[in-house]
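Below is one structure; the comments refer to it alone.
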Amino acid sequence: MKHFYLTTAIDYANGKPHMGHAYEKILADVIARYQRLCGQKVHFLTGLDEHGQKVQQTAEKEGITPQQLCDHVILDFKNMCDLLHISYNDYIRTTERRHRAVVRDVLQKLFEKGDIYLSEYRGFYCPRLEQFLQKKDKVKGRWPEELGEIIEISESNYFFRLSSYRPWLISYIEEHPNFIFPRFRARQVLEFLKTEVNDLCISRPQERLAWGIPLPFDERYVTYVWFDALLNYVSAIGYGEERFEDYWPANFHIIGKDILTPAHAVYWPCMLKAMGLEMPKTLLVHGWWLASGEKMSKSVGNVIRPLDYVRHYGADAFRYFVMREMMIGQDCDFSHERFVARYNGDLGNDLGNLVSRLLHMLQRYSHRIIPQMELRETEERVLQQQWQDISQKVSKFYRELAIPMALESLWEMVRSLNRFAEIRAPWQLAKSSDGRDKKKLETTLAIMAEGLRLVATALQPVMPKVSQFICYALGVSLAEDSDLSQDLVWSHRLVGHRVEGPMVLFPRVKM
RNA sequence: CGCAGGGUGGAGCAGUCUGGUAGCUCGUCAGGCUCAUAACCUGAAGGUCCCCGGUUCAAAUCCGGGCCCUGCACCCA
């Protein structure tokens with residue numbers, strides 16, 4: 001069976017995990033979990049990009065080897081994944097043998113095919129920065145003092161014939177509207193492709209950069225950035241082996257808008273084309289989290305620390321917030337006030353309080369046993385009908401990656417359940433000695449419990465632990481590989497089950 | 001300059017592709033309820049959908065023009 005294969009970008013080992021890393025992984029995880037619940041065999045890949053100048057430099061500064069640095073940094077990234085409940089199936093490091101072997105294999109093939117050639121590169125080199133400068137680095141037509149001596153040198157390097165694939169790529173993007181999501185991003189790429197693109201320099205001489213994968217056909221060089229990093233998407237699933245066919249093409253490459261152009265929308269498709277492979281189905285491009293309207297960046301120092309929120313409010317609350325707030329593709333502001341508003345409002349008052357009041361009532365009026373649903377009056381029918389509509393909408397929204405809308409729809413159901421309690425008023429019915437009122441009371445509790453189970457089930461991709469916990473509290477289990485098409489159907493499966501005592505899932509917090 | 005995104009009741013957003021009662025959350029005001037996390041439920045007020053022009057029976061939505069905000073330095077999802 002073909003896998004549903006999705007990837008995040010691999011994180012660069014020269015830094016700590018931040019908001020963007022957390023969001024991208026959560027987004028991927030939500031999609032992965034949803035697909036699993038739809039019966040897909042999901043393969044979710046993430047990983048670490050370990051080579052390159054920055055890593056080499058940082059390691060030197062700290063007096064350790066680059067590999068030691070990576071071995072250390074990876075702990076932070078994996079730890080973040082664990083804390084966020086990221087259900088990746090594979091984690092690739094670009095220093096692993098399986099990756100290096102594929103990179104060298106691909107390079108060799110493309111070299112033999114004539115897609116890679118040796119050429120002279122002439123430019124202005126700054127020994128202090130250990131890199132070439134560009135025209136835009138000039139200030140008032142001169143190189144800035146602080147860069148020290150600048151020398152014009154020419155250097156031989158290997159190039160990939162990117163330019164020859166440009167016409168093909170333009171028509172591919174034009175003919176495949178789903179290739180880049182959201183669609184407006186494709187326009188940007190086409191805009192970029194309007195002007196001539198240069199062939200891509202893919203090597204660095206070992207004297208300048210030792211921390212990389214040597215070119216198989218010329219060991220004096222290592223391969224530079226993209227022919228290393230991008231290939232993780234195929235090296236991790238056994239490129240060259242038989243099993244590769246079970247995974248490729250990827251359903252989603254999930255990336256930030258910064259690495260769409262040119263890396264993922266230009267280099268990668270052309271590389272794949274050169275390799276004779278199919279294109280990934282969709283590049284899913286998300287925007288950036290801003291802090292009070294400003295870009296979050298290490299240099300400005302206004303970085304939101306996701307793990308602080310996870311620690312205080314739980315991973316699922318954090319997952320809920322980022323999924324509820326950000327329309328995929330747009331930028332979105334992260335502010336503490338908004339977080340607390342969502343937390344107290346949606347999670348505490350609406351969902352958490354619903355759980356709390358229902359469990360209280362079940363304890364008080366039904367000895368913690370979920371009673372029969374015997375009556376079926378207009379109110380009950382309306383509620384069930386509403387769930388039919390909502391569950392369909394939610395599934396549609398999940399499929400279309402409109403996750404904030406999926407959650408909004410689910411919350412309609414939460415509110416309807418709270419409203420239903422108000423209409424039926426079990427606390428009134430409990431005072432009556434009429435047998436019919438007793439049935440009404442029982443039915444009300446049973447209906448609310450089932451409604452809550454359905455909401456929790458549909459919420460599972462976004463809030464896996466909370467969903468499971470609510471179901472557990474209602475006396476049933478919820479597996480991560482259960483079948484949504486079954487579990488989202490209104491049922492009587494809770495009847496007779498013993499429930500947990502009252503609990504507070506999301507204690508209110510002060511601003 | 002160019003490119004891209006955005007400009008919708010007090011705040012934050014959806015709706016724009018595929019024209020047809022302007023929707024959601026929060027906030028405000030009034031009321032209800034007491035099972036519940038001072039929660040929940042009901043009702044109300046509040047909008048020239050940035051501006052101008054065009055197409056159309058009909059425009060937030062399509063077309064033309066203009067204004068304003070943001071991003072396109074290193075780092076970075």
Side-chain angles (χ1 to χ4, degrees), chain A residues 8-12 14-28 54 129 131 134 136-137 139 177 182-192 194-195 254-261 285-290 293-300 303 306 322 324-327 329-333 335 337-338 340-342 344-365 402 404-405 407-409 411-412 414-430 441 444-445 448 502-509:
Chain A
T8 67
I10 51 176
D11 304 315
Y12 195 46
N14 184 52
K16 293 243 169 203
H18 62 261
M19 188 63 197
H21 298 116
Y23 172 73
E24 185 169 301
K25 279 166 182 63
I26 291 169
L27 175 59
K54 293 270 190 270
L129 293 178
Q131 64 185 26
Q134 296 177 352
K136 64 189 177 188
D137 294 322
V139 179
R183 208 174 294 187
F184 72 83
R185 294 279 173 211
R187 268 178 257 150
Q188 244 172 313
V189 176
L190 288 170
E191 201 60 41
F192 176 87
K194 266 186 188 162
T195 53
I254 298 171
I255 58 173
K257 63 178 183 180
D258 55 318
I259 50 173
L260 175 69
T261 314
V285 188
H286 65 251
W288 274 331
W289 282 94
L290 309 174
E294 285 185 27
K295 198 167 167 179
M296 271 186 217
S297 76
K298 287 174 207 162
S299 40
V300 179
V303 177
V322 295
R324 178 67 184 79
E325 286 287 298
M326 189 183 246
M327 289 297 295
Q330 305 283 8
D331 290 348
C332 184
D333 204 51
S335 79
E337 288 69 28
R338 285 171 74 166
V340 171
R342 286 278 178 214
N344 279 338
D346 296 3
L347 296 180
N349 298 346
D350 295 340
L351 180 62
N353 183 52
L354 175 63
V355 171
S356 172
R357 69 195 302 205
L358 176 61
L359 291 176
H360 268 276
M361 289 191 278
L362 281 165
Q363 177 167 64
R364 207 147 158 181
Y365 309 133
M405 290 160 104
L407 292 171
E408 191 182 313
S409 299
W411 253 253
E412 271 178 51
V414 172
R415 295 201 177 89
S416 291
L417 288 167
N418 275 322
R419 191 177 312 124
F420 183 71
E422 226 58 44
I423 293 167
R424 280 287 183 242
W427 48 92
Q428 298 284 353
L429 297 170
L441 170 61
T444 302
L445 297 181
M448 286 182 68
M503 61 185 68
V504 172
L505 286 180
F506 307 100
R508 279 183 71 88
V509 297

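A, B, ... follow the sequence lines: proteins, then strands. Residue 1 opens every chain.
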[N] to [M] separation - [atom1] atoms, rounded to the nearest Å:
N: B:G15; M: B:C24; atom1: C1'; value: 10 Å
N: B:A30; M: B:U37; atom1: P; value: 26 Å
N: B:U18; M: B:A60; atom1: C1'; value: 15 Å

Worksheet item: What nucleic acid atoms does A:G20 come within less than 4.0 Å of, heavy atoms only: base, sugar-phosphate, or nothing?
Response: base
Rounded to whole Å, how long is the line connecting atom [atom1] of [X] with atom [atom2] of [N]?
X: A:H21; N: B:C75; atom1: NE2; atom2: C1'; value: 11 Å
X: A:R338; N: B:G12; atom1: CZ; atom2: P; value: 8 Å
X: A:E422; N: B:G31; atom1: CD; atom2: C1'; value: 13 Å

Now, which nucleotide makes the Watson-Crick or G-U wobble pair with [N], with each of the two distances under 3.5 Å?
N: B:C75; answer: none
N: B:U70; answer: B:A4
N: B:C40; answer: B:G32

With sequence neighbours excluded, tell me which residues meet side chain to side chain donor-acceptor pair (under 3.5 Å) with [X].
X: A:R364; result: none
X: A:N353; result: none
X: A:Q330; result: none

Practice prompt. Check whether any side-chain N or O of A:H360 sits under 4.0 Å from OP1 or OP2 of B:U34, and answer yes or no.
Written response: no
Practice prompt. Considering just the side-chain nitrogens and oxygens of A:N349, establish if one lies under 4.0 Å of OP1 or OP2 belonging to B:C40.
Written response: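 Yes, within the criterion.
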Practice prompt. List the protein contact pattern of nucleotides 1-8 of chain B with one symbol per nucleotide (5' to 3'): B for base contact, S for sugar-phosphate-only contact, - for none; contact means a heavy-atom distance under 4.0 Å.
Written response: --SSSS--
Item to complete: Begin with the C-alpha distance, continue with both residues' side-chain angles, and end with the deciding distance and a verdict on salt bridge (charged side-chain N to carboxylate O under 4.0 Å, His left out) for A:K257 and A:E24.
Response: CA-CA 11 Å; A:K257 63 178 183 180; A:E24 185 169 301; over 6 Å; no
Worksheet item: Nearest nucleotide by nearest heavy atom, which residue falls closer to the 5' end of RNA chain B, A:D258 or A:M405?
Response: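 It is A:M405, whose closest nucleotide lies nearer the 5' terminus.
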Worksheet item: Does A:R424 have any salt bridge (Lys or Arg N to Asp or Glu O under 4.0 Å) partners at least two apart in sequence or in another chain, and if so, which?
Response: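 Once residues adjacent in sequence are excluded, the partners of A:R424 under the salt bridge (Lys or Arg N to Asp or Glu O under 4.0 Å) criterion are A:E377, A:E379, A:E380.
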Please write out the pairs of protein N or O atoms and N or O atoms of nucleotides 23-25 of chain B separated by less than 3.5 Å, giving the distance to one decimal.
unit_1, atom_1, unit_2, atom_2, d
B:C24, O2', A:E408, OE2, 3.4

Practice prompt. Please determine, for the side chain of A:W427, which listed nucleotide (B:C33, B:G12, B:C40) has the closest atom?
Written response: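 Minimum distance to the A:W427 side chain belongs to B:C33.
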Discussion item. Less than 4.0 angstrom from a charged side-chain N to a carboxylate O is my criterion; do A:D11 and A:K25 meet it?
Written reply: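 Here A:D11 pairs with A:K25 in a salt bridge, since their nearest N and O are under 4.0 Å apart.
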Practice prompt. Using modelled atom types only, decide if a donor and an acceptor are shared between the side chain of A:S356 and the backbone of A:G352 within a distance under 3.5 Å.
Written response: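 Looks like no, no N/O pair under 3.5 Å.
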